[in-house]
Asks: 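Just dropping this structure here.
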Amino acid sequence: MSAEGHPPPGGGSPGGAAVNPYRRLRSQMVQVLLAFGLLPLVAMGVAGFVANRDGVETRTRNVLEAMIKNRRVTVEFFLEETMRQLALIATALPVSELGKAEVLAGLRDAARREHSAIVDLGLIAEDGRHLAYVGPYKLGGVNYSGEAWFQQVMLRGRSESNVFLGFRRFPHMVMAVKKREGGRDWILRATIDTDILSALVREGGLESGADVFILNRLGEYQTRYSDEHRLMERADLGPIPLHSGVRVLEQRRGGKNEFVATAWLKGDAWVLVARQEVPGGAMLLFAHPIVIVVFLLGLLSIPALSVLIARHRLRQIRSLEEERGALYEQVTQSQKMAAIGRLAAGVAHEINNPLAVILAQVGVLADLIEDGDFSDPAALKERVKKIQAQVERGRKVTHRLLGFSRRVGPELEPVNVIAALDETVSFVEKEVEAQQIRVVRDYGDDVPIIRSSLSQMQQVFLNLINNAVDAMGAGGKVRLSARRTDNPAGVEVQIQDSGPGIAEKDLARIFEPFFSTKSEGKPHSGLGLSICQEISRHLGARISVRSRLGEGTIFTLWFPLEPEPS
Amino acid sequence: MTSPGLSGLKLLIVDDEVEFLEPMSARLTRRQIQCATAENGLQALERLAAQTFDCAVVDVKMPGMDGLDLLRRMRHDYPATPVILLTGHASVELGVQGIELGAFEYLMKPVDLDELLDTVRRAVKGSRV
């Protein structure tokens, strides 16, 4: 089982050299916020546009369908009503009356007063001769026997013509009914006002903006919906096949989509047509201006808000980082002081022993002086030398301690890792020996000099060695090893103890601050390993641990030849 | 030169600091004290087996058998010989532990010879009472 010390996120090195990471973080935050803000907005906009378009299309189609149904009823009623009027006249009056121009004029005027579409009236004999006529054209004496509508009325008893030019050389339509009197057939014929019919048809499309008109079977206009075309002209729709009910098709025309609704009128001679452009593009966008306003506001405000939020969050992160950095400094320093405190007893031993020797030697000299015994100057000189040696021994101890207690800082210097390890062990060697703990050194021959912080490195070593000693109690073995690594280039240090090992559940947590496996009786801060991890991170080093209950623990440190600039 | 009440006293000094043993031995001998030295606990037990001592001055921190272990053995095997613990290790806990184990006194290095002899005198006197 093993664990690695994971450095906490962010965390600039002391000295505030982390400006670029913040800038990068801000840019990343802005990008993420923009993506999270804009993507849903655009997606909703597109979805809304599509839904709106589908809705508008369906609505347009339905309105068109309802309108053309309604219009068909109206037109059929109009034509039926006009035909009925004609039939009523033919039935009500004898031919003797109908043959009089003044009677016909009276009838026509009465019909006009009732808003009928009858423009003129005429009585025609069965051989086609025009017997009487009242109307705006000069049609007296004309023979209709060759006309299609004449043939039809003679055969079927009634006729509704297409719009045609006829004798007037002007587009018009004719309605005619046959009357039987005195053993002969008579025909009452009326011209229908195509403008009134056109207006009636066109009226249906006024509200929705659709063009509504009637075509005959050949696809020729029977009514007008605008001034752009003429009656009897061929429409650009082609022949429309017979069908029942209402049919709505969508087709391209002039680069735009349009709906074409068709309904055949009774008798299947004429088809009622309504065509309307499919609403799209800007028209759809501006169908609901409030949506556009909200969309645009979102589009404009999200980038601004993203930048503001990112800035705000970054300020918070930065401030937290600074606090954390300051706290780290404090904790590192106090932990180090605690370690030094613990060392003090051991160091006192280191200093007091030479002092005791010096005092004893000085005592001997004082005794000799008191006795006036200077008989052996060489022996005296030897004692002075021994005093000097002990002074030097004490000086080394204090020098080492001073070197170690230097303030924590990122100063880099060439470091001999093996010398650093040995010097650290020397602080605790007495205690180690006293506890019958054996220190085994296993150093490679080619361990390179690296650039690092000696004091910080030694603080890590000291923590790990102290932990190892604490873990083992009396007896046991601490193995120190150092070797070069080539990929990546650096130095690997291992501090291995033969202690009881660390339980798997604890191993994952040992780098957490304030976590400790040490018993309550032993002094500990629970910060040692988290500080080791922090320091390692500062030095660009890596720290990991492997342990198994009953088999001891190995801490592995890896130092780069030179830390990467943070 | 003699020290009052200590002349002819047999004293064992146990310390792994060899450089300390020689001058101490010289000074004590000059004061008519019969001084024997041992560099570790085992050597001390050998000396104790060979002759009787009036008092032992024992360093606490020593490799192998340390001062406290030696103290335990002495309290058991040579209860008549008082033990004065002497150490450079500045730890109150160690001192308390030593007294609890039966040491007569606990002294810190560097100790003044007169203070040491005074303690030895009191220790010997106490053991004879």
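Protein chains get the first letters and strands the later ones, always in sequence-line order, with residue 1 at the start of each. Note that this is a predicted model, so its numbers are computed, not measured.
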Asks: Give, as side chain, backbone, both or neither, the part of B/Met24 having an atom under 4.5 angstrom from any heavy atom of chain A.
Replies: both
Asks: Taking atom CG of A/Asp367 and atom OG1 of B/Thr29, what is their separation to the nearest 0.5 Å?
Replies: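 That separation rounds to 10.5 Å.
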Asks: Other residues, nucleotides and ligands only: do more than 12 of their heavy atoms fall within 6.0 Å of CZ on B/Arg73?
Replies: no
Asks: Should B/Pro110 and A/Ile358 count as side-chain neighbours, where that means a heavy-atom distance under 4.5 Å?
Replies: no
Asks: Checking side-chain contact (heavy atoms from CB on, under 4.5 Å) between B/Lys109 and each of A/Leu355, A/Leu359, A/Asn353, A/Val357, which is the one that passes?
Replies: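 Option passing the side-chain contact (heavy atoms from CB on, under 4.5 Å) with B/Lys109: A/Asn353.
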Asks: Assess whether a salt bridge exists between B/Glu17 and A/Arg393, defined as any Lys/Arg side-chain N lying under 4.0 Å from an Asp/Glu carboxylate O.
Replies: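 Salt bridge between B/Glu17 and A/Arg393, a charged N being under 4.0 Å from a carboxylate O: yes.
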Asks: What is the distance from atom CZ of B/Phe20 to atom CD of A/Gln390, rounded to the nearest 0.5 Å?
Replies: 11.0 Å
Asks: Rounded to the nearest 0.5 Å, how far apart are CG of A/Leu365 and CZ of B/Arg27?
Replies: 9.5 Å
Asks: Decide if atom CZ of A/Arg441 counts as having more than 12 heavy atoms of other residues, nucleotides or ligands within a radius under 6.0 Å.
Replies: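 Enclosed: over 12 neighbouring heavy atoms sit under 6.0 Å from CZ of A/Arg441.
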Asks: Sort A/Gln436 into side chain, backbone, both or neither according to what part of it lies under 4.5 angstrom from a heavy atom of chain B.
Replies: side chain
Asks: Can you confirm whether A/Arg383 sits close enough to B/Glu22 that some side-chain heavy atom of one is under 4.5 Å from a side-chain heavy atom of the other?
Replies: yes
